[in-house]
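Note that this is a predicted model, so its numbers are computed, not measured. Numbers restart at 1 for each chain; the letters A, B, ... are given by sequence-line order, proteins then strands.
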2 protein chains.
Amino acid sequence: MKKTTIHDIARELDVTFSTVARALNDHPAISAATKAAVLETAKRLNYQQNKLASSLRSGRTNVIGIIVPSLDTSFFSSVVHGIERVMNENGYSMLLFQTGESLAQEQKGIETFLQSRVDGIISSVSGEVDGKEFYEQISKRQVPLLFFDRAIHELPVPSVTIDDYRAGLVATEHLISQGYKQIVHLTSDRNLTIFKERFRGYRDALQRHNLPVEEKMIYKGKLSLEFGKESVQRLMDSEIPFDAVFAAEDYTAMGALQFLLEKGIKVPDEIGVMGFANEAFGAFVTPSLSTVDQQTIKMGEETAHLFLKLIGNKDFYGSTPEHIVLDPILIPRNSSQPL
Amino acid sequence: MKKTTIHDIARELDVTFSTVARALNDHPAISAATKAAVLETAKRLNYQQNKLASSLRSGRTNVIGIIVPSLDTSFFSSVVHGIERVMNENGYSMLLFQTGESLAQEQKGIETFLQSRVDGIISSVSGEVDGKEFYEQISKRQVPLLFFDRAIHELPVPSVTIDDYRAGLVATEHLISQGYKQIVHLTSDRNLTIFKERFRGYRDALQRHNLPVEEKMIYKGKLSLEFGKESVQRLMDSEIPFDAVFAAEDYTAMGALQFLLEKGIKVPDEIGVMGFANEAFGAFVTPSLSTVDQQTIKMGEETAHLFLKLIGNKDFYGSTPEHIVLDPILIPRNSSQPL
DNA sequence: CTGAAAGCGCTAACAT
DNA sequence: ATGTTAGCGCTTTCAG
């Protein structure tokens, strides 16, 4: 069963294929009668436009490429969910690529997208990317590029992020306002702006309230349940006094929380715990985990909307890039609020 | 800056474009010297193959389309994660489409994929699809199709699922083995095989152990935290005696669990609770939630492997479809195990 | 309102 | 080992 083309429809109706093409694209200069006939025949012959041919000729694919570290993370899958919904409503398809935080994969993804002639690329860069050269291969080709959450700030590229500095600040100030004074910070060892910003917020909050910022209170590692446990274990082993833990990610906070409870320490009365990301489990655990919400779906939607707005510009890289910064939402729960 | 094509490379090197094409595709009949020269020039001119042209001509896109209800669900995003990783390793790109459980969206996704000439479609059908006609538009076009998790069993299409019947059976038998005798089942009102199978397992487990299967113990609704709470509320209001709840999904189980705890009922001592899906929160809540793991990432990987295996066949629809059925893994935790 | 013709960038059969 | 040629199925100018 060969595939139906506009030539087949043309032959049936005894018109030329270019008339058929116009009818199918709802061209104004085609009579209603012809359009109806073409549409009917197309349906009857089970015609499906070949987008490859159409894109090759027109230079537009209506496809965008999305690069994320991993979909097996509620943060990214939720943002992608938001992006896809909006882009889809606006006639775009989405090619998806996971990097697994590897630079080689990121390179492969970009190349694939470029070769597929996507109309734009939306990326949240992996932890291994540093320097701007890497992503310049995209701007050199004049392919529209947007970052979300993890941006490369040296590059004049639009982005949608949350205010991680403010998030770190607000989270820490919340702990301080609850009476905690010796606050440990657990953060990532990856070289990512988001974590540096959260740390800056933590640091500034302490300073603002005349609390010391101490090396021994800051732990870096691979964010995870285990890292949270280990860190608290190490703190206790070295008998460093602390009365609260602010982790840059919820699983890590959860690890800390679990370890504390196992050791019979009362949370939040003796030690307060604060996470980051608003994972689903936070609301369900006991004590419920205080955290910061990143507005994931909104981030995706805003990213898509910004893309749609900018794609109209003839000169994407000529205009100064727009940066949308979403507000983090503090979600105080029981783990950080002693009576 | 016009894009470089094989013609540009050919001109530089004073060969024909077909020599360049061959060199680029590592054709055996091209001298090493020419290949090297072509590769060097390609790199220098920043050449990127145009996959649209190549696919249009060759009839293969190396793109597969994935249809899922929503990425904002840990189950689906996790499976997609597994599919993407494997397909990507094998040179495929992935177009992603979310249906939001809507038939109209599902239709749109299929059409887009067909028009994009994907090499295959992997789908987990939405709750609104019934009958096989819908998906026959794909088989009619001879485009390889695979189902995962939610399949249409009337269609001779390969699939990767878990044994939901067994899962329901094992989960219920576990409850029975723990001494529970009046087990409520909370399930979905959607017309999906997965839920019917879980129910069948529940029913058969009761019958096997000479326990009555009663209408009043079975609640159908939109699976969610709220539905879990409501159902338990209603049970208590109508004073129907029960000693365990088996929900077909973890959030629903969590709702039931929370409501019971709020009412001062001891879980698991007075009432046992069992969920389904092994959501992250289950391990963290108190009491920890017993559940059934669906091997999501493995499901994705198996789906991809099956696809890769079958795509080789010249006659996809000629051979009897292979069905891979994964074993559900019972994860007994505290919510179902009284001392 | 419709037709004719060119060409997007590549693959692949057929030559040489 | 390389060149020639003919499309893949469409969009888009230029004609009429």
Side-chain angles (χ1 to χ4, degrees), chain A residues 1-39 41-42 45-63 91 111-112 114-119 141, chain B residues 1-39 41-42 45-63 91 111-112 114-119 141:
Chain A
M1 194 184 75
K2 264 207 75 305
K3 268 159 194 144
T4 312
T5 74
I6 48 175
H7 293 93
D8 301 322
I9 300 175
R11 202 176 315 115
E12 285 271 321
L13 294 175
D14 222 32
V15 291
T16 53
F17 69 93
S18 54
T19 300
V20 174
R22 287 194 187 96
L24 255 15
N25 291 323
D26 206 23
H27 189 107
I30 294 288
S31 73
T34 311
K35 274 183 195 167
V38 168
L39 253 33
T41 313
L45 299 184
N46 247 305
Y47 173 75
Q48 290 278 24
Q49 184 197 46
N50 186 328
K51 292 208 177 202
L52 295 171
S54 127
S55 297
L56 175 60
R57 183 56 234 248
S58 70
R60 297 194 60 221
T61 53
N62 270 38
V63 172
E111 254 164 41
T112 307
L114 256 22
Q115 296 179 346
S116 304
R117 301 297 192 261
V118 295
D119 286 348
R141 285 206 151 63
Chain B
M1 196 182 72
K2 263 207 78 304
K3 269 162 195 142
T4 312
T5 73
I6 47 176
H7 293 94
D8 302 321
I9 298 175
R11 204 177 313 115
E12 286 269 322
L13 295 176
D14 222 34
V15 292
T16 52
F17 71 96
S18 57
T19 301
V20 174
R22 288 195 188 95
L24 255 14
N25 291 323
D26 206 25
H27 189 107
I30 295 287
S31 74
T34 311
K35 273 182 195 169
V38 167
L39 252 34
T41 313
L45 299 185
N46 246 305
Y47 172 75
Q48 290 277 27
Q49 184 196 46
N50 186 329
K51 292 208 177 201
L52 296 172
S54 136
S55 297
L56 175 60
R57 183 54 236 248
S58 71
R60 298 194 58 220
T61 53
N62 269 36
V63 171
E111 254 164 40
T112 306
L114 256 20
Q115 293 177 168
S116 304
R117 300 295 191 260
V118 295
D119 287 348
R141 286 203 150 64

Over how many whole Å does the gap from [X] atom [atom1] to [N] atom [atom2] extend?
X       : N       : atom1 : atom2 : answer
L56(A)  : dC10(C) : CG    : C1'   : 8 Å
I6(B)   : dT11(C) : CD1   : C1'   : 9 Å
R117(B) : dT11(C) : CZ    : P     : 19 Å

Checklist outcome for this item: So the side-chain hydrogen bond (donor to acceptor under 3.5 Å, both in side chains) pairs with at least one residue in residues 28-39 of chain B (sequence neighbours excluded) are D26(B)-K35(B), S31(B)-T34(B)

Show me the protein contacts with nucleotides 2-6 of chain C, counting only N or O atoms at under 3.5 Å.
unit_1: dT2(C); atom_1: OP1; unit_2: T34(A); atom_2: OG1; d: 2.9
unit_1: dT2(C); atom_1: OP2; unit_2: S31(A); atom_2: N; d: 3.1
unit_1: dT2(C); atom_1: OP2; unit_2: T34(A); atom_2: OG1; d: 3.3
unit_1: dG3(C); atom_1: OP2; unit_2: T16(A); atom_2: N; d: 3.0
unit_1: dG3(C); atom_1: OP2; unit_2: T16(A); atom_2: OG1; d: 2.8
unit_1: dG3(C); atom_1: OP2; unit_2: T19(A); atom_2: OG1; d: 2.3
unit_1: dG3(C); atom_1: O5'; unit_2: T16(A); atom_2: OG1; d: 3.4
unit_1: dG3(C); atom_1: N7; unit_2: R22(A); atom_2: NH1; d: 3.3
unit_1: dG3(C); atom_1: O6; unit_2: R22(A); atom_2: NH2; d: 2.2

Item to check | Atom pair CZ/OG1 of R11(A) and T5(A) - distance to nearest 0.5 Å | outcome: 7.0 Å

Next on the checklist: Return the OG1 to CD distance between T4(B) and E12(B), rounded to the nearest 0.5 Å.
Outcome noted: 9.5 Å

Which pair of heavy atoms, one from [X] and one from [Y], lies closest together, and at what distance?
X      : Y       : value
L24(B) : A42(B)  : CD1-CB, 4.4 Å
T61(B) : S55(B)  : CA-OG, 3.4 Å
G59(B) : D119(B) : O-OD1, 4.4 Å

Checklist entry - What does the inter-axis angle of the helix from dC1(C)-dG16(D) to dT16(C)-dA1(D) come out as, five pairs per end, nearest 10 degrees? => result 30°

Next on the checklist: Does dC8(C) have its OP1 or OP2 closer than 4.0 Å to a side-chain nitrogen or oxygen of N50(B)?
Outcome noted: no

Checklist entry - So where does chain A start and stop touching DNA chain D, 5' to 3', when the test is distance under 4.0 Å to a non-hydrogen atom? => result dG9(D) to dC14(D)

Checklist entry - T41(B) side chain to I9(B) main-chain N or O, any donor-acceptor pair under 3.5 Å? => result no

Checklist entry - Does S58(A) reach the main-chain N or O of R60(A) with its side chain, forming a donor-acceptor pair under 3.5 Å? => result yes

Exercise answer: donor-acceptor pairs, residues 45-54 of chain A side-chain atoms, under 3.5 Å, sequence neighbours excluded:
unit_1: N46(A); atom_1: OD1; unit_2: R141(B); atom_2: NH1; d: 3.4
unit_1: N50(A); atom_1: OD1; unit_2: L52(A); atom_2: N; d: 2.8
unit_1: N50(A); atom_1: OD1; unit_2: A53(A); atom_2: N; d: 3.2

Checklist entry - side chain to side chain donor-acceptor pair (under 3.5 Å) with R57(B): which residues, sequence neighbours excluded? => result none

